[in-house]
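Please read the structure below before turning to the comments.
Throughout, protein chains are lettered first and strands after them, A, B, ... in sequence-line order, and every chain is numbered starting at 1. Keep in mind that what you see is a predicted model, and the values were worked out from it rather than measured.
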Protein chains: 2
Amino acid sequence: MSTILDVCKLAGVSKATVSRVVNGTGQVKESTREKVFSAMQSLGYRPNRLAQALATNKTHTIGLVVSDFDGIHFGSLLKQAAASAEFAKKQLIVTDGHNDPNYEYEMIMQLEAQCDAVILYSRTLTDDHIQRLHQQLTIPIVVINRDLPEQLFHSVSFQQEDAVKLMMGHLLDNGHRQIACITGHMMNPTGVARLNGYKHSLAELGVEFNEKLVRNGDYHMKSGYQACKELIHDGISFTAIIAFNDCMALGALRALTEVGIKVPEQISIIGIDDDPVSEFFTPRLTTVKLPIADMTKQAVELAITLCDETKATHSYQYKGQLIERESVMPVK
Amino acid sequence: MSTILDVCKLAGVSKATVSRVVNGTGQVKESTREKVFSAMQSLGYRPNRLAQALATNKTHTIGLVVSDFDGIHFGSLLKQAAASAEFAKKQLIVTDGHNDPNYEYEMIMQLEAQCDAVILYSRTLTDDHIQRLHQQLTIPIVVINRDLPEQLFHSVSFQQEDAVKLMMGHLLDNGHRQIACITGHMMNPTGVARLNGYKHSLAELGVEFNEKLVRNGDYHMKSGYQACKELIHDGISFTAIIAFNDCMALGALRALTEVGIKVPEQISIIGIDDDPVSEFFTPRLTTVKLPIADMTKQAVELAITLCDETKATHSYQYKGQLIERESVMPVK
DNA sequence: AGCACTTAAGTAACCGGTTACATTGAAAAT
DNA sequence: ATTTTCAATGTAACCGGTTACTTAAGTGCT
């Protein structure tokens with residue numbers, strides 16, 4: 001791996017000159033430029049990005065920190081983040097926090113020298129942690145999918161509760177009153193907000209909340225499947241199922257299909273996410289779209305903007321959008 | 001962001017001493033160590049990894065280069081890679097090559113100073129490119145999911161052709177002779193190897209190859225759906241479908257379901273991958289497992305090993321494994 | 001020819017660490 | 001008491017770049 005010094009020797013010029021032609025800064029005589037170029041060429045010289053970063057305090061890298069790689073949206077998030085970063089010619093460093101807020105905090109602080117900005121998709125960090133990060137870090141931080149005290153941070157979030165209300169509204173409009181609910185993890189804000197959406201929708205129509213209709217899932221298909229099996233096994237009566245993501249809805253669909261219950265004729269199902277697979281199941285799943293890719297793209301673009309520009313707080317809120325397909329029909 | 005010099009001043013010692021206590025190297029008097037520790041503490045000092053990397057020529061980072069983020073396995077690959085790297089306390093830098101071999105080549109060369117090893121999941125780079133990379137790079141490179149001249153490189157690969165033979169064998173054993181084939185991109189080695197598997201299996205049983213039974217797909221559900229619709233529309237006669245991944249198989253399943261053709265009673269379907277969703281469709285999809293997560297884990301571990309150790313060529317080959325579920329039955 | 005001004009290139013400090021080597025002081029050995 | 005030994009620390013070079021400042025060589029103008 002040749003360094004700038006090798007180029008200097010071969011071209012017979014100083015480091016400064018090589019640096020100038022590499023970066024296209026300052027004045028360099030055409031003939032010198034050519035000498036340097038051909039030296040670089042024949043050595044296969046490539047500037048060491050680490051050294052550049054150290055010298056300029058610009059890394060052209062953005063950090064992505066997630067609480068846990070097993071999170072359900074992580075795949076598409078990472079994919080979109082990688083694509084968006086790449087598009088802007090930034091590198092992406094990926095880190096997870098092992099679901100441990102302190103560890104995660106430390107990881108983020110570590111990234112400071114290595115990134116120009118960091119994107120945080122956390123479900124374990126408290127608001128207080130994030131607050132502190134914001135104060136301590138000299139680089140901007142963009143928080144994704146998290147509702148935070150307004151106007152305090154750069155953030156890209158999703159209206160969780162409203163999205164669930166949209167789902168419930170659709171079910172209620174179709175006459176459903178006994179609506180089973182398959183939740184996600186209840187330790188994090190998303191799960192809580194969504195459950196609130198469920199409860200509030202019920203309350204608004206004066207339908208009594210029935211604990212037996214609520215089952216915990218973990219966002220994976222299997223848990224939706226199991227939750228639904230339990231519901232059936234327990235002999236609970238319901239006409240519709242709302243699941244806190246499409247995967248679990250699809251798992252529930254499978255469970256119903258197995259025992260010969262027809263969807264949507266006997267039971268309606270609605271999910272959230274608009275997972276690409278949802279429209280390939282039979283019946284095609286009705287859902288509320290959660291535009292995680294768009295949100296991620298927005299977050300990365302915001303982060304990149306913040307690398308160079310001022311610090312006025314930006315925040316974007318995304319709303320769910322009902323996608324009617326075939327898994328919901330009016331109750332008989 | 002405080003530097004080592006700040007710590008020096010506060011603790012009243014030299015850079016060397018601070019470095020020693022940070023790294024636990026050399027001899028340091030206990031009382032000095034404490035002074036330094038408390039200085040670090042009160043400053044919230046964290047060593048600059050960039051500077052460390054530059055000085056030690058150790059980055060504790062591995063690079064992951066893929067041809068294109070849209071590749072079908074990319075999500076799970078990235079997820080597993082991120083998790084494995086994290087587990088070994090390495091950072092991960094992710095880059096894609098825009099499906100352009102020269103750009104990709106350049107990206108990899110760029111990574112040299114930033115990583116201790118790189119993992120390459122490429123479908124555009126030629127063997128010759130990889131050969132050259134191997135010669136030029138001073139860091140090890142692990143090639144994943146690619147069959148290369150034996151013993152030349154570190155690699156983790158999958159027996160593509162054999163896997164398809166496994167699928168075909170299962171269909172043929174069940175009496176199928178008119179087997180439609182939904183392929184993937186045919187520009188890359190994987191697609192070609194798989195199609196060979198299809199052809200050779202047919203040839204071994206003396207079944208004539210019929211071009212009309214072969215349709216190109218792009219590994220996404222929609223393309224499987226469309227390919228199947230075309231097959232039906234063209235009035236081609238077949239008793240089974242083999243698809244070059246589960247997604248397309250599932251798309252085909254959907255297409256058949258839509259037109260009222262029963263799977264597997266009328267038509268059998270087999271896929272490859274063992275996508276997590278496959279067992280939630282009805283009927284549950286019979287498939288051949290492609291252990292992409294295991295392979296990725298292996299590749300990352302290999303890469304990490306190579307960071308420190310010698311250079312004897314390692315290569316791992318994975319085989320497909322038939323997972324019989326419900327989408328294949330004997331032909332009538 | 002003499003002067004100011006511009007262009008082209010070099011010098012050296014700096015980014016934030018590591019590390020080979022030198023130095024110091026005290027304990028151990030003679 | 002003197003020498004040896006070694007633990008503890010400092011000095012300075014180095015990693016591979018960037019960049020403010022300086023210097024040298026042209027160029028144009030009177």
Side-chain angles (χ1 to χ4, degrees), chain A residues 1-40 43-61 91 109-116 138-139, chain B residues 1-37 39-40 43-61 91 109-116 137-139:
Chain A
M1 225 175 45
S2 50
T3 74
I4 200 170
L5 282 177
D6 301 318
V7 180
C8 291
K9 270 176 218 147
L10 192 57
V13 298
S14 73
K15 289 207 292 177
T17 300
V18 175
S19 180
R20 283 184 197 109
V21 349
V22 167
N23 297 303
T25 55
Q27 307 277 18
V28 182
K29 209 202 299 177
E30 189 52 33
S31 63
T32 313
R33 185 191 310 282
E34 279 163 18
K35 269 192 304 185
V36 173
F37 265 132
S38 78
M40 296 197 318
L43 288 167
Y45 170 73
R46 289 174 189 82
N48 183 323
R49 284 167 158 256
L50 253 42
Q52 285 181 315
L54 189 58
T56 58
N57 201 30
K58 267 275 162 204
T59 61
H60 304 289
T61 297
Q91 286 188 316
M109 291 303 290
Q110 293 262 0
L111 281 178
E112 187 163 18
Q114 289 182 91
C115 304
D116 297 334
T138 55
I139 57 174
Chain B
M1 225 175 44
S2 50
T3 74
I4 201 171
L5 283 176
D6 301 320
V7 179
C8 291
K9 271 176 217 146
L10 192 57
V13 298
S14 72
K15 290 209 289 178
T17 300
V18 175
S19 179
R20 283 183 198 110
V21 350
V22 167
N23 297 302
T25 55
Q27 307 276 19
V28 182
K29 211 202 296 178
E30 189 52 34
S31 63
T32 312
R33 183 190 312 281
E34 278 162 19
K35 269 192 303 186
V36 173
F37 265 131
M40 298 197 318
L43 288 167
Y45 169 73
R46 289 175 188 80
N48 183 324
R49 284 167 158 257
L50 253 41
Q52 285 181 314
L54 189 57
T56 58
N57 202 29
K58 268 275 160 204
T59 61
H60 303 289
T61 298
Q91 285 187 317
M109 291 302 291
Q110 294 261 0
L111 281 177
E112 187 164 17
Q114 290 183 89
C115 302
D116 298 334
L137 282 176
T138 56
I139 56 173

Does N23(B) reach the main-chain N or O of T25(B) with its side chain, forming a donor-acceptor pair under 3.5 Å?
no
Which residue lies toward the 5' end of DNA chain D, T25(A) or K29(B), if each is placed at its nearest nucleotide?
K29(B)
Using the test side-chain contact (heavy atoms from CB on, under 4.5 Å), find all partners of K29(B) that sit at least two apart in sequence or belong to another chain.
S31(B), T32(B)
Check every strand shown and say whether T32(B) touches a base, only sugar-phosphate, or nothing at a heavy-atom separation below 4.0 Å.
sugar-phosphate
Close side-chain approach of D116(B) and T61(B), heavy atoms under 4.5 Å:
no
In whole angstrom, what separates Q27(A)'s CD from dC21(D)'s C1'?
16 Å
Taking all atoms of both residues into account, what is the closest heavy-atom pair of A113(A) and M1(B), and its distance?
N-SD, 4.2 Å
Hey, are the side chains of V22(B) and V18(B) touching, using non-hydrogen atoms and a 4.5 Å cut-off?
yes
Do M40(A) and F37(A) come within less than 4.5 Å of each other through their side chains, counting heavy atoms only?
yes
Touch class at under 4.0 angstrom, heavy-atom based, for S14(B) against every strand present:
base
At under 4.0 Å between heavy atoms, how does the protein contact nucleotides 12-18 of chain C? Give one character per nucleotide, 5' to 3', with B, S or -.
---BBBB
Do any side-chain nitrogens or oxygens of T17(B) fall under 4.0 Å of OP1 or OP2 in dG10(D)?
yes
